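Shown next, in structure tokens, is the structure this report addresses.
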Amino acid sequence: MWGFTNTITNIQGQYNPGKAADIKLKDKKIELLRQVHTRGEMGITKTTLESMGTVWAYFRHLSGKEVFAAATVNYKEEVLYQINYRPDLTTANVVRYNGTLYNITRIDTFEGYKEDLTLYCIARK
């Protein structure tokens, strides 16, 4: 085919494993949660989690090198989620994946583009 190139194959049409490793498949379903503070009858504030919806995400545990790099700037991070861009997410939000809650420690928008968000998280205790 004229002018057709594929990201996984090189120009001759042969498989290129280096390019296949660059593709991040968003095949995990995660739920995004926001914290809601309500005041009870006795004046006691209660914090609950309210769903913002579920999204597809790429998920992986951070490597030892990445955990060490985060620790040098006082971040505690364990896992990474990559999702489609959403303007309503902050580090006050929470992620639920496989029944485990994760606090978002950092949100990375790659070079300011509004395509993907990378959420760095740590499990809640």
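Here, residue 1 is the first one in the sequence, and each next residue gets the next number. These figures come from a predicted structure and were not determined experimentally.
- Here the side chain of R39 pairs a donor or acceptor atom with the backbone of G43 at under 3.5 angstrom.
- Side-chain contact, N98 with K28: no donor N or O sits under 3.5 Å from an acceptor N or O.
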>> Checking I44 against K46 for the side chain to side chain contact (heavy atoms under 4.5 Å, CB included) test, could you report, in this order, the C-alpha distance in whole Å, the side-chain angles of both residues, the deciding distance, and whether it holds?
In response: CA-CA 6 Å; I44 299 172; K46 182 179 178 182; 5.9 Å; no
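- Judged purely by distance below 3.5 Å, without hydrogens or angles, the side chains of H37 and T45 never pair a donor atom with an acceptor atom.
- Remark: Y120 OH to T105 OG1 distance equals 9.0 Å, nearest 0.5 Å.
- Separation of atoms CG (L80) and CZ (R106) is listed at 9.0 Å; rounding is to 0.5 Å.
- At a threshold of 4.5 Å between non-hydrogen side-chain atoms, the residues R124 and V94 count as touching.
- Residues T47 and V36 have side chains not in contact (no heavy-atom distance under 4.5 Å, counting atoms from C-beta outward).
- One hydrophobic cluster, built from ILVMFWY side chains closer than 4.5 Å, cannot hold both W56 and Y58; they sit in different ones.
- Aromatic ring centres of Y81 and Y102: separated by under 6.0 Å.
- Relative ring orientation between H61 and F59 is described as perpendicular, the plane-to-plane angle rising above 60° on a 0-90° scale split at 30° and 60°.
- When the side chains of ILVMFWY residues are joined at heavy-atom separations under 4.5 Å, either directly or via intervening members, L33 and V55 end up in two distinct hydrophobic clusters.
- To the nearest 0.5 angstrom, N103 atom CG is 10.0 Å from E78 atom CD.
- In the model, R34 has no side-chain atom that pairs as donor or acceptor with a side-chain atom of N93 under 3.5 Å.
- Annotation for K29: atom NZ counts as buried by contact number, over 12 foreign heavy atoms lying within 6.0 Å.
- Rounded to the nearest 0.5 angstrom, D116 CG and N84 CG are separated by 6.0 Å.
- Annotation: the span from R86 atom CZ to I107 atom CD1 amounts to 11.0 Å, rounded to 0.5 Å.
- For the residue pair E31/S51, the side-chain donor-acceptor check at 3.5 Å is satisfied.
- In this structure, CG on L119 lies 9.0 Å from CD on Q82, to the nearest 0.5 angstrom.
- In this structure, M52 is a member of the same hydrophobic cluster as Y85, with clusters built from ILVMFWY side-chain heavy atoms closer than 4.5 Å.
- In the hydrophobic clustering of this structure, L101 does not group with L62; members are Ile, Leu, Val, Met, Phe, Trp, Tyr whose side-chain heavy atoms approach within less than 4.5 Å, directly or through other members.
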